Amino acid sequence: MKEQFLKQYNYLFEDELLQEINKVGILKTVSEGDMLMDIGQELMAMPLLINGAIKILREDENGNELILYFIEQGDTCAMTINCCMGQVKSKIRAVAEVDTQLIMVPIKKMGEWMSKYQTWQHFILQSYHDRMMEMFETIDSIAFLKMDERLIKFLRDKAKVNHNDIINTTHLDIANDLHTSRVVISRLLKKLENSNKIELQRNYIKVLDL
DNA sequence: ACATTAAGTGATT
DNA sequence: AATCACTTAATGT
């Protein structure tokens, strides 16, 4: 059941570490739309993605969401890395973007492995760095208030994590993810359609050229 | 046929 | 870019 995992992380970790993960890790399968982690919830384990994709969101006081980034196979959540340095409660919400398989590793192993395996340490630092870079990207796009560019980036990312140029979603859903209104999204999408970048139908967006 | 939900549009701030 | 008000179109019962 964990063959896929072993195959995928084979080149990243040494055998000894792989075996430890295999021993303490729990295989978890989630389906599209499932919430893996909510804001304020305590982090008990750290996820290692085998396949699929997870959407990482932030929420404001009114319950409006804002997407931070997606994580894919080979990625892990930066939030869990934080928690080992004191923070215990999650500041983010994680929702499965597609059906996803992951390995849950108890967080207490984190620190132990950090000093024991240099491949692990490298992996953690690398992921932390990657996630931070992605956050900078989204911060940039928000700060400079270019909704059209944010939307394009969102569609690109979404098509990528779904491994499909056809995105089945509504304008309203997108608006919620990007923390804006549906009307704005509809208009921008219309513009993109007119310049032949996408194709629009009900509950359907086909990415042609982004 | 009717109700519901998704999407398009003009006008205003 | 956000909001309102309204229309049109697609879909479910």
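Computed from a predicted structure; not experimentally measured. Here is how names work: the chains are called A, B, and so on, in the same order as the sequence lines, proteins then strands, and each is numbered from 1.
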Given A/N51, which partner from the list A/Q73, A/E72, A/Q101 fulfils the side chain to side chain donor-acceptor pair (under 3.5 Å) test?
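With A/N51 as partner, A/Q73, A/E72, A/Q101 yield a single side chain to side chain donor-acceptor pair (under 3.5 Å), made by A/Q101.
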Mind checking whether A/K116 and A/L17 have side chains closer than 4.5 Å, heavy atoms only?
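A side-chain contact is absent here, since even the closest heavy-atom pair is not under 4.5 Å.
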Quick one: does A/L200's side chain get under 4.5 Å of A/I205's, heavy atoms only?
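Yes - at least one pair of side-chain heavy atoms lies under 4.5 Å apart.
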Given the rule in the side-chain contact (heavy atoms from CB on, under 4.5 Å) test, do A/T138 and A/E134 qualify, once you have shown the distances and angles that lead to the verdict?
CA-CA 6 Å; A/T138 48; A/E134 287 194 64; over 6 Å; no
Considering only side-chain heavy atoms of A/M147, which listed nucleotide, B/dA6, C/dA1, B/dG8, is closest?
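Ranking B/dA6, C/dA1, B/dG8 by closest atom to the A/M147 side chain puts C/dA1 first.
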Of the nucleotides B/dG8, B/dA6, C/dC4, which one has an atom closest to the side chain of A/R182?
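Nearest to the side-chain atoms of A/R182, counting from C-beta on, is B/dG8.
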Can you tell me how far [atom2] of [N] sits from [atom1] of [X], to the nearest Å?
X: A/K191; N: B/dG8; atom1: NZ; atom2: P; result: 14 Å
X: A/E149; N: C/dA1; atom1: CD; atom2: C1'; result: 15 Å
X: A/N168; N: B/dT5; atom1: CG; atom2: C1'; result: 16 Å
X: A/D148; N: C/dA1; atom1: CG; atom2: C1'; result: 11 Å
X: A/R187; N: B/dA6; atom1: CZ; atom2: P; result: 19 Å
X: A/K190; N: B/dA6; atom1: NZ; atom2: C1'; result: 13 Å
X: A/L151; N: C/dA2; atom1: CG; atom2: P; result: 12 Å
X: A/L172; N: C/dA2; atom1: CG; atom2: P; result: 14 Å

Could you tell me whether A/S181 contacts a base, only the sugar-phosphate backbone, or nothing, with contacts defined as non-hydrogen atoms closer than 4.0 Å?
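Answer is base: heavy atoms of A/S181 come under 4.0 Å of a base.
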Between A/F123 and A/F13, is the gap from one ring center to the other below 6.0 Å?
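So the answer is yes for these two rings.
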Describe, in one word, how the ring planes of A/F154 and A/F70 are oriented to each other, choosing from parallel (under 30°), tilted (30 to 60°) and perpendicular (over 60°).
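Tilted.
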Would one find a side-chain N or O of A/S186 under 4.0 angstrom from OP1 or OP2 of B/dA6?
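No, outside the criterion.
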Give a yes/no on whether any side-chain N or O of A/H171 is located under 4.0 angstrom from OP1 or OP2 of B/dG8.
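Yes.
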A/L208: hydrophobic cluster co-members (side-chain, 4.5 Å)
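Via sub-4.5 Å side-chain contacts, A/L208 links to none.
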Sub-4.0 Å heavy-atom contacts from residues 193-206 of chain A onto DNA chain B, ordered by number:
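Nucleic-acid contacts, sorted: A/R202, A/N203.
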Axis-to-axis angle between the two ends of the helix from B/dA1-C/dT13 to B/dT13-C/dA1 (five base pairs per end, rounded to 10 degrees)
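The helix from B/dA1-C/dT13 to B/dT13-C/dA1 shows an end-to-end axis angle of 10°.
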Indicate yes or no: does A/E112 engage A/K109 in a salt bridge with an N to O separation below 4.0 Å.
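So A/E112 pairs with A/K109 through a salt bridge.
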Looking at A/K146, A/K153, A/M147, which hits side-chain contact (heavy atoms from CB on, under 4.5 Å) with A/R150?
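With A/R150 as partner, side-chain contact (heavy atoms from CB on, under 4.5 Å) holds for just one option, A/M147.
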